[in-house]
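Everything numeric here is computed off the predicted structure, so don't read it as measured data. Note that these values count all heavy atoms, side chains included, but never hydrogens, waters or copies made by symmetry. Throughout, protein chains are lettered first and strands after them, A, B, ... in sequence-line order, and every chain is numbered starting at 1.
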Amino acid sequence: MPERDEVSWNSIISGYVGSGEIEKARDLFEEMPVRRNIVCWTSLINGYGKEGNLNEMLGLFLQMLVSVDDVGPNSATMVCLLSACSSLSDFKLGKLVSIFIDVNEIPLNTILSTALIDMYLKCGDLEKAWRLFDGISCKSLVSWNALITGYVQRGLLEEAVRLFYLMQAESVKPNEITMVNVLSACAGLGALELGREVHIYLGRKGLDLNVILATALVDMYSKCGRLIDACLVFVKTTNKDVALFNTMILGLAYHGHGRDSLAVFAEMEKNGPDANDVTFIGVLSACNHSGLIEEGRVQFSNMVKKQKLIPKVEHYSCMVDLLGRAGYLDEAFEMIQNMEVPPDSIIWGSLLSSCRIHRNIELADKIGEAILSSQDPNLGFCILLSNIYASVGRWKDVARVRRLVKEKGIKKPSGCSWIEVDGVIHRFLVEDSIHLQSKEIYEIHEFVTNQLKVEGYVPNFDFVLKNIDGM
DNA sequence: GTAGGGTTAG
């Protein structure tokens, strides 16, 4: 074997790590005739981290600390550890790594700070993340992206959009990853105008419209009610993967285009990628939203028997809702009882609302018990139950539900809706008067309501939930 | 040797 220096050993080891041949890399690493430097150690540590083997990764790191090679971990080593903790959501270990960095005064460069920001955002410690971000003297695009991504993933969508503007004000140019996150925020906010601007920007910059960006666009357009634009992006995208198909199937399903949604699914079964469990959430919702009962039954059995997918509570939830609405209450009830997963209050609530529609008090009684004794009773369902009792004059039961709600301290955050007009997001709460044009808005609302009456609309007060004191 | 991305019921 020809003599090799440290540097060429490093590149051989990292080559094997890069191509996923971690065992080969490890064997060579053990037999190396020259001193193993920090690059070599870090390379192998990273290899274990990337394949999700935290135990081996940590073992190797500890081995390094006591090895005769006498190397100390540097910033890159810590980035590898943090990156593994973050992708495997092991935040306990991540915090330990962070403490190690502090104690050993490992220098914080931009990359290490960014890795720490990512970790702290995922744990929900926004303050620490911000302190780190402020401390970066040379904020990179990736640092901004980590911050924006973290905000989007925590559901802080308006703030994420604000960060996006702030980033541009600092003359940092966004890339695909920034745009995916901004589009995701737009989808959640219903911010069609900003979403469109992003789409136009992508076209103008000639940025590669990869399948991830396409998915984010399709999702944004569907959730903002622009199904035609969603379809256009979907059709134009080559190399469609399962997530893109799922997004399109769900988008069509939401908007009541059950048949079209199923057609996309059929196309996927024929020429596309394999379906997964998310696909069937879309397929079953398509059947549900379009009242395709028989099709729903067929697809559910297709999922279990042909595709060998194990149904989750979400799939059962779709089926229970589908069957319940159509009046097959006993079948829906039986399905909940025979599931191999524990029912949550949501699935019970769905069946309960079907009981109300079909006025099945006996079943509502049974479900009521299940909801009230469950871990997470939902206030909405308690009110629903109480209204069902009220509708048949069972006032004692109404009082019992009300007492339980008080005792358990069940609360519900107030509902909120918002709309974006000319890039400004307007937010509304029930019966609020916060908006500056509140007076005009209520006037128009009254006008529309009157117009509906003129056109012959008669509201069905039967289904309006009664507000009960203390609930 | 090193940081960041899309789809999930009611």
Side-chain angles (χ1 to χ4, degrees), chain A residues 10-11 13-15 17-18 37-47 49-50 73-84 86-87 109-119 121-122 136 140-150 152-153 174-184 187 210-220 222-223 237 241-251 253-254 276-285 288-289 311-322 324-325 344-354 378 380-381:
Chain A
N10 289 345
S11 60
I13 302 271
S14 74
V17 167
N37 64 16
I38 185 61
V39 175
C40 202
W41 279 97
T42 301
S43 184
L44 200 58
I45 286 172
N46 188 38
K50 284 274 167 348
N74 63 13
S75 310
T77 322
M78 306 322 285
V79 169
C80 296
L81 295 178
L82 284 172
S83 164
S86 171
S87 58
N109 58 18
T110 305
I111 299 179
L112 183 52
S113 297
T114 305
L116 281 166
I117 288 171
D118 170 66
M119 212 269 299
L121 282 173
K122 284 190 178 142
I136 302 178
S140 71
L141 170 60
V142 184
S143 319
W144 280 100
N145 282 349
L147 202 60
I148 293 174
T149 307
V152 171
Q153 282 169 354
N175 68 355
E176 282 101 332
I177 292 177
T178 325
M179 292 319 203
V180 165
N181 280 291
V182 173
L183 285 170
S184 180
N210 62 29
V211 68
I212 296 182
L213 266 172
T215 308
L217 278 168
V218 170
D219 189 46
M220 182 277 292
S222 310
K223 294 207 174 123
T237 310
D241 68 1
V242 60
L244 178 59
F245 267 102
N246 292 349
T247 308
M248 192 70 253
I249 290 170
L250 267 162
Y254 284 142
N276 62 16
D277 57 330
V278 180
T279 316
F280 279 94
I281 290 175
V283 170
L284 298 175
S285 331
N288 196 0
H289 289 285
K312 297 206 262 187
V313 69
E314 290 92 331
H315 301 101
Y316 284 112
S317 208
C318 289
M319 285 308 289
V320 165
D321 205 54
L322 178 85
R325 276 178 206 275
D344 53 11
S345 69
I346 292 165
I347 199 166
W348 284 124
S350 154
L351 188 54
L352 187 63
S353 92
S354 294
N378 173 312
F381 301 144

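- Side-chain to base pairing of A/Asn74 with B/dG1: one donor and one acceptor N or O lie within less than 3.5 Å of each other.
- Going from atom NE2 of A/His315 over to atom P of B/dA9 covers 10 Å, rounded to whole Å.
- Within the 4.0 Å cut-off from OP1 or OP2 of B/dG4, not a single side-chain nitrogen or oxygen of A/Gln153 is found.
- We find that CD1 of A/Ile347 is positioned 9 Å from C1' of B/dA9, with the value rounded to whole Å.
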* Asked: Between A/Asp219 and A/Thr247, is a side-chain hydrogen bond (donor to acceptor under 3.5 Å, both in side chains) present by the stated rule, with each step listed?
  -> CA-CA 6 Å; A/Asp219 189 46; A/Thr247 308; 5.5 Å; no
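- Listed nucleotides B/dG5, B/dT8, B/dT7 differ in distance to A/Asn181; the shortest reach to its side chain belongs to B/dG5.
- Among the protein residues, A/Val152 comes within range of no part of the nucleic acid, since none of its heavy atoms lies under 4.0 Å from any strand.
- In the set B/dA3, B/dG5, B/dA9, B/dA9 carries the atom at the smallest distance from any side-chain atom of A/Val313.
- Here A/Ile45 lies out of heavy-atom contact (under 4.0 Å) with every strand.
- Rounded to a whole Å, the CH2 atom of A/Trp144 is 18 Å from the P atom of B/dG4.
- Proximity of A/Leu213 to A/Leu183: side-chain heavy atoms (C-beta onward) are separated by under 4.5 Å at one or more points.
- Following rounding to the nearest Å, A/Asn37 (CG) and B/dG1 (C1') show an atom-to-atom distance of 10 Å.
- Listed nucleotides: B/dA3, B/dG1, B/dG6. Nearest to the side chain of A/Ala76: B/dG1.
- The line from OG of A/Ser353 to CZ of A/Arg325 is 6.0 Å long, rounded to the nearest 0.5 Å.
- No engagement by A/Asp277 is indicated, since no non-hydrogen atom pair under 4.0 Å with the nucleic acid exists.
- When heavy atoms are screened at a 4.0 angstrom cut-off, A/Tyr254 is found touching the sugar-phosphate backbone but no base atom.
- Across the protein-nucleic acid pair, A/Asp321 atom CG and B/dA9 atom C1' stand 8 Å apart, rounded to whole Å.
- Residue A/Asn46 has a polar side-chain atom (N or O) positioned under 4.0 Å from OP1 or OP2 of B/dT2.
- A donor-acceptor contact under 3.5 Å is not formed by the side chain of A/Thr149 with the base of B/dG4.
- The listed nucleotides are B/dT2, B/dG4, B/dA9; the one nearest the side chain of A/Glu314 is B/dA9.
- A/Ser14 comes within 4.0 angstrom of the backbone, heavy atoms only, and of no base.
- Of all nucleotides listed (B/dG4, B/dG1, B/dT2), B/dT2 comes nearest to the side chain of A/Val79.
- Within the 4.0 angstrom heavy-atom criterion, no nucleotide atom of any strand lies near A/Asn10.
- Contact annotation for A/Thr279: no contact, since no heavy-atom pair falls under 4.0 Å across all strands.
- The distance from atom CG of A/Leu121 to atom P of B/dG4 is 12 Å, rounded to the nearest whole Å.
- For B/dG4, neither phosphate oxygen OP1 nor OP2 lies less than 4.0 angstrom from any side-chain nitrogen or oxygen of A/Lys122.
- Side-chain N/O atoms of A/Asp241 and base N/O atoms of B/dG6 include a donor-acceptor pair closer than 3.5 Å.
- Nearest to the side chain of A/Ser140, among B/dA3, B/dG6, B/dT8, sits B/dA3.
- A/Leu183 has its CG atom 15 Å from the P atom of B/dG5, to the nearest Å.
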* **Evaluation steps, side-chain hydrogen bond (donor to acceptor under 3.5 Å, both in side chains), between A/Ser86 and A/Ser83** => CA-CA 5 Å; A/Ser86 171; A/Ser83 164; over 6 Å; no
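- Across B/dG6, B/dA3, B/dG4, the shortest atom-to-atom separation from the side chain of A/Val211 is found for B/dG6.
- Proximity note for A/Thr247 (side chain, C-beta onward) versus B/dT7, B/dT2, B/dA9: the nearest is B/dT7.
- Closest approach of A/Asn288 to A/Cys318, counting heavy atoms only: ND2-O, 3.7 Å.
- Taking all atoms of both residues into account, the shortest heavy-atom contact from A/Ile249 to A/Gly282 is CG2-C, 3.7 Å.
- In this structure, A/Leu250 reaches the sugar-phosphate backbone alone: every heavy-atom distance under 4.0 Å involves primed, P, OP1 or OP2 atoms, never a base.
- Distance, A/Asn276 CG to B/dG6 P: 15 Å, rounded to whole Å.
- Among the nucleotides B/dG4, B/dA9, B/dG6, the one closest to any side-chain atom of A/Val180 is B/dG6.
- Residues A/Ser350 and A/Asp321 share a closest heavy-atom pair of OG-OD1, 2.8 Å.
- At a threshold of 4.0 angstrom between heavy atoms, the contacts of A/Leu141 include nucleobase atoms, whether or not backbone atoms are also involved.
- Which of B/dA3, B/dG5, B/dA9 sits closest to the side chain of A/Cys318 comes down to B/dA9.
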